[in-house]
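To keep things clear, I will list the structure first and then write my remarks on it.
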Amino acid sequence: MDDLELGRIPAQRELPEPVKFAWPIMLLPDLFATPRHLALVLGYLASIGWEVFVPDLRAAFGKGSTAPLEKLHFNDLAALAGEALDGIGRDAVVLGHGVGGLIALKLSEHRRVKASVAYAPLVPGFRTPLAGGFGNRLVMMLGRAIKPPRGRVLFELIADSDPFTRAGLIKAMVPDSGVLATDVMTGAIEFAAADKAAPRFVVAGDSDIFAPFAQTTKFAESIGAKLATIRGRGHWLIGGRALERAINETQRFLVRALGQDLLLLYPEEWKNDPGE
């Protein structure tokens, strides 16, 4: 794994041998999460031949013209992710989890994006329990940073993660922008029409309390995104048994959406429609 800079944004890059796909994937984390929380996704994608970039957008908060964490809006984070994408200097697929999934869907409008994929995206207009609790509601009103979930909400968040990773995942969680969370929960986000954006794909667990499946389905339909369901799984689609299923669904979508131009190599299993 290499450490590098995407413009002013530090990032990690995993370059497999051989690379099997024409474009890299850029990964974006959820609320309260960091690149560390995407380690299993990065490793899995690299193991099947993807070049993967994971920018640390938080490193740019409060620097230059970028707002500090407490004042960071959704569009500010999307702009930072766009900077990282420009820093790659090539077309790419963007894949995000939770609020990172919303950013990925927003970046489908970017000239460098070939396709955008969202795992368990937070639903605009839905007051997600992920940023709930009396304390967080109060600090959101004051425009301050919100704290990661605790107790039952935290248990529900990581219930589908690998047991051996849970302590580290919890320890690595960090405060996040209450302003950004408010943008999401009030629906203050706009998406371009599907015909003016790259192909969009949503993968959702049907037991996700943070982005309920019914609301996710309506949201995906509203932006013209394809939708795949992971049965019996909640929000944490970036680890545990859900991860392989989510990536398999992603592979099918990308090959169908982008065609054979996506593939640098042509393993036997990809010669026919991978959905068959």
Side-chain angles (χ1 to χ4, degrees), residues 8-10 27-38 54-84 94 96-107 118-159 161 169-191 204 208-212 215-216 219 223 234-238:
R8 63 191 178 112
I9 299 168
L27 300 180
L28 300 170
D30 201 352
L31 280 176
F32 311 114
T34 70
R36 176 175 176 176
H37 293 91
L38 296 170
V54 188
D56 183 6
L57 302 182
R58 288 175 175 269
F61 292 179
K63 296 181 180 178
S65 60
T66 303
L69 175 67
E70 295 81 3
K71 297 181 179 181
L72 192 84
H73 282 272
F74 178 88
N75 286 340
D76 298 325
L77 189 61
L80 271 182
E83 277 190 45
V94 184
H97 176 232
V99 80
L102 278 187
I103 297 293
L105 295 171
K106 179 66 177 177
L107 286 182
Y119 289 178
L122 298 187
V123 178
F126 174 72
R127 299 196 68 82
T128 177
L130 187 60
F134 175 78
N136 276 346
R137 289 197 297 270
L138 178 61
V139 298
M140 277 192 281
M141 293 173 59
L142 299 174
R144 298 176 184 170
I146 52 177
K147 295 181 179 179
R150 297 183 294 177
R152 181 68 184 179
V153 175
L154 176 60
F155 172 81
E156 290 287 348
L157 175 62
I158 63 171
S161 64
L169 295 175
I170 293 170
K171 186 177 181 180
M173 289 182 181
V174 292
D176 219 315
S177 169
V179 176
L180 186 154
T182 299
D183 286 346
V184 173
M185 292 191 290
T186 59
I189 303 170
E190 295 182 356
F191 294 90
D208 187 350
I209 69 168
F210 303 100
Q215 285 90 335
T216 299
F219 168 58
I223 62 169
H235 192 69
W236 203 266
L237 302 182
I238 56 172

Next on the checklist: For the CD atom of Q215 and the CG atom of D208, what is their distance to the nearest 0.5 Å?
Outcome noted: 10.0 Å
Next on the checklist: To the nearest 0.5 Å, what is the distance between CD1 on I158 and CD1 on I170?
Outcome noted: 3.5 Å
Next on the checklist: Checking the side chain of T216 only, and the main-chain atoms of P212 only, is there a donor and an acceptor separated by less than 3.5 Å?
Outcome noted: yes
Checklist entry - Can you tell me how far the CZ atom of F219 sits from the CG atom of L105, to the nearest 0.5 Å? => result 5.5 Å
Next on the checklist: Is there a side-chain contact between P55 and L28 in this structure, where contact means two heavy atoms from C-beta onward sitting under 4.5 Å apart?
Outcome noted: yes
Item to check | Closest heavy-atom pair and its distance - A172, T34 | outcome: O-CG2, 3.8 Å
Checklist entry - Which atom names give the shortest non-hydrogen contact between F74 and I103, and what distance separates them? => result CE1-CD1, 3.4 Å
Next on the checklist: How long is the straight-line distance from CG of L31 back to CE of M173, given to the nearest 0.5 Å?
Outcome noted: 10.5 Å
Checklist entry - In Å, rounded to the nearest 0.5 Å, how long is the span from OG of S177 to CE of M140? => result 10.0 Å
Item to check | Donor-acceptor pair, side chain of K106 and main chain of E190, under 3.5 angstrom | outcome: yes
Item to check | Atom pair CG/CG of L69 and D76 - distance to nearest 0.5 Å | outcome: 11.0 Å
Item to check | Residue pair E70, F61: steps toward the side-chain contact (heavy atoms from CB on, under 4.5 Å) verdict | outcome: CA-CA 9 Å; E70 295 81 3; F61 292 179; over 6 Å; no
Next on the checklist: Give me the atom names and distance for the closest heavy-atom approach of L122 to H235.
Outcome noted: CD2-CE1, 3.8 Å
Checklist entry - Considering all heavy atoms of both residues, which atom of L80 and which atom of L57 are nearest to each other, and what is their separation? => result CD1-O, 3.7 Å
Next on the checklist: Less than 4.0 angstrom from a charged side-chain N to a carboxylate O is my criterion; do R58 and D176 meet it?
Outcome noted: yes
Item to check | Test log, rule side-chain contact (heavy atoms from CB on, under 4.5 Å), inputs Y119 and D30 | outcome: CA-CA 10 Å; Y119 289 178; D30 201 352; over 6 Å; no
Item to check | L102/V184 under side-chain contact (heavy atoms from CB on, under 4.5 Å): CA gap, chis, key distance, verdict | outcome: CA-CA 9 Å; L102 278 187; V184 173; 3.9 Å; yes
Item to check | Under 3.5 Å donor-acceptor, H97 side chain and L27 backbone | outcome: no
Item to check | Distance-minimising heavy-atom pair for K63 and R8 | outcome: O-NH1, 3.4 Å
Checklist entry - Which atom pair, heavy atoms only, marks the closest approach of A211 to P121? => result CB-O, 3.2 Å
Checklist entry - Passes side-chain contact (heavy atoms from CB on, under 4.5 Å), V123 versus T128? Steps please. => result CA-CA 8 Å; V123 178; T128 177; over 6 Å; no
Item to check | Under the side chain to side chain contact (heavy atoms under 4.5 Å, CB included) test, residues paired with I209 that sit two or more places apart | outcome: E156
Next on the checklist: Tell me whether the count of non-hydrogen atoms from other residues, nucleotides or ligands lying under 6.0 Å of CZ in R150 goes above 12.
Outcome noted: no
Next on the checklist: Is there a side-chain contact between V99 and F32 in this structure, where contact means two heavy atoms from C-beta onward sitting under 4.5 Å apart?
Outcome noted: no
